[in-house]
Amino acid sequence: MARRRTRTSASKARSTGNGLDWSGEDGISHWGGGQRRPCRVCGNPAFLVDDDGRPCHKVCAETEARTAAAAAASAIPA
């Protein structure tokens, strides 16, 4: 019986402290099936997909997550 793929939002992606964990142990496959499609962030060809199934390099997703976290932290009034 095939395992059902579940997807989480980028904000729920597991972080290892050094970056996002795309090992697939949580049931999410980040392998795009061997097709190189333009990364949604940088536009260069990518074999991987993000949690939503859109083409994305792992490094691009990590940079995007760090940028979003920094923006959210700076938006919080002191």
J.: Nearest heavy-atom pair of Val41 and Cys56: which atoms, and what distance?
T.: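 For Val41 versus Cys56, the nearest heavy atoms are CG2-SG, 4.0 Å.
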J.: Considering only heavy atoms from C-beta outward, does the side chain of Pro55 approach that of Cys39 to under 4.5 Å?
T.: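 No - every pair of side-chain heavy atoms lies 4.5 Å or more apart.
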J.: Applying ring pair (Phe, Tyr, Trp, His ring centres under 6.0 Å), which residue pairs with at least one partner in residues 45-67 are found, sequence neighbours left out?
T.: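 For residues 45-67: Trp31-Phe47.
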J.: What are the two closest non-hydrogen atoms of Pro38 and Gly43, and how far apart are they?
T.: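 Smallest interatomic distance, heavy atoms only, reads CB-O, 3.7 Å.
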J.: Could you tell me whether a side-chain N or O of Asp52 sits under 3.5 Å from a main-chain N or O of Arg54, the two making a donor and an acceptor?
T.: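 No, Asp52 side chain to Arg54 backbone: no donor-acceptor pair under 3.5 Å.
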J.: To the nearest 0.5 Å, what is the distance between CZ on Arg37 and CG on Asn44?
T.: 15.0 Å
J.: Quick check for you: to the nearest 0.5 Å, what is the distance between Lys58 atom NZ and Thr63 atom OG1?
T.: 10.0 Å
